[in-house]
Amino acid sequence: MSQQTLDLVQRWLDEIVIDLNLCPFAARPRRQDKIRIALCPSDDTEAIMSVLASEIGHLNTNIATETTLLVLENGFDDFIDYLDLVAECEDWLADKGYEGIYQIASFHPAYQFA
């Protein structure tokens, strides 16, 4: 992951996700340096699923990591395609028996809330 991308994601995490309280569970692990950021440069669903599986493996074996941010660097600008990917990831978690253990908290620029 490039340092520039890492810096941008960390800034977004601090100034948007945490400061605007979009995810009430993010501030504590961020303060404790327990958030891992994994970059997936591919827009290929199979490659993304492979990175997801790898990150779940990391979470299973590294209790020092509480949360992984899986950053999709390319593709999925189309919101519907993105939602389809999120659904596929959630299905994968359920199929692997991780439902209720891990959850997908997804962010996309096209999300809009009241």
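Predicted model, so just to flag it, every value in this text is computed and none were measured.
- Here Phe76 pairs with nothing under the ring pair (Phe, Tyr, Trp, His ring centres under 6.0 Å) rule; sequence neighbours left out.
- Taking CD from Gln103 and CD1 from Ile101, the interatomic distance works out to 12.5 Å, rounded to the nearest 0.5 Å.
- In this view, Asp7 and Gln3, Gln10 satisfy the side chain to side chain contact (heavy atoms under 4.5 Å, CB included) rule, not counting sequence neighbours.
- For Gln4, there are no side chain to side chain donor-acceptor pair (under 3.5 Å) partners at least two apart in sequence or on another chain.
- Listed by chain and number, the residues in a side chain to side chain donor-acceptor pair (under 3.5 Å) with Tyr82 amount to none (sequence neighbours excluded).
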Considering only distance and modelled atom types, tabulate donor-acceptor pairs under 3.5 Å from the side chains of residues 64-72, sequence neighbours left out.
unit_1, atom_1, unit_2, atom_2, d
Thr65, OG1, His58, NE2, 3.0
Glu66, OE1, Arg28, NH1, 3.2
Glu66, OE1, Arg28, NH2, 3.3
Glu66, OE2, Arg28, NH2, 2.8
Thr68, OG1, Glu55, OE1, 3.4

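- Between Tyr111 and Phe79, the two ring planes are perpendicular [angle over 60°; tilted spans 30° to 60°].
- Arg31 meets the salt bridge (Lys or Arg N to Asp or Glu O under 4.0 Å) test with no other residue; sequence neighbours excluded.
- Under the ring pair (Phe, Tyr, Trp, His ring centres under 6.0 Å) criterion, Phe25 pairs with no residue at all, not counting sequence neighbours.
- For the side chain to side chain contact (heavy atoms under 4.5 Å, CB included) test, residues two or more places apart in sequence or in another chain that qualify with Ala53 are Trp92.
- Applying the ring pair (Phe, Tyr, Trp, His ring centres under 6.0 Å) test to every pair with at least one member in residues 26-56, sequence neighbours left out, gives no pairs at all.
- The two residues Ile35 and Ala26 make their nearest non-hydrogen contact at CD1-O, 3.8 Å.
- Atom CD1 of Ile56 and atom OH of Tyr102 lie 5.5 Å apart (nearest 0.5 Å).
- Among residue pairs with one or both ends in residues 71-100, none qualify as salt bridge (Lys or Arg N to Asp or Glu O under 4.0 Å); sequence neighbours excluded.
- When the side chain to side chain contact (heavy atoms under 4.5 Å, CB included) test is applied to Ile16, the partners found at least two apart in sequence or on another chain are Trp12, Leu20, Leu22.
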For residues 38-51, please give each side-chain donor-acceptor pair under 3.5 Å, one per line with the distance, not counting sequence neighbours.
unit_1, atom_1, unit_2, atom_2, d
Ser42, OG, Asp44, N, 2.9
Asp44, OD2, Glu46, N, 3.2
Asp44, OD2, Ala47, N, 2.9

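- Criterion: ILVMFWY side-chain heavy atoms under 4.5 Å apart, direct or through other members. Under it, Ile37 and Leu8 are not part of a common hydrophobic cluster.
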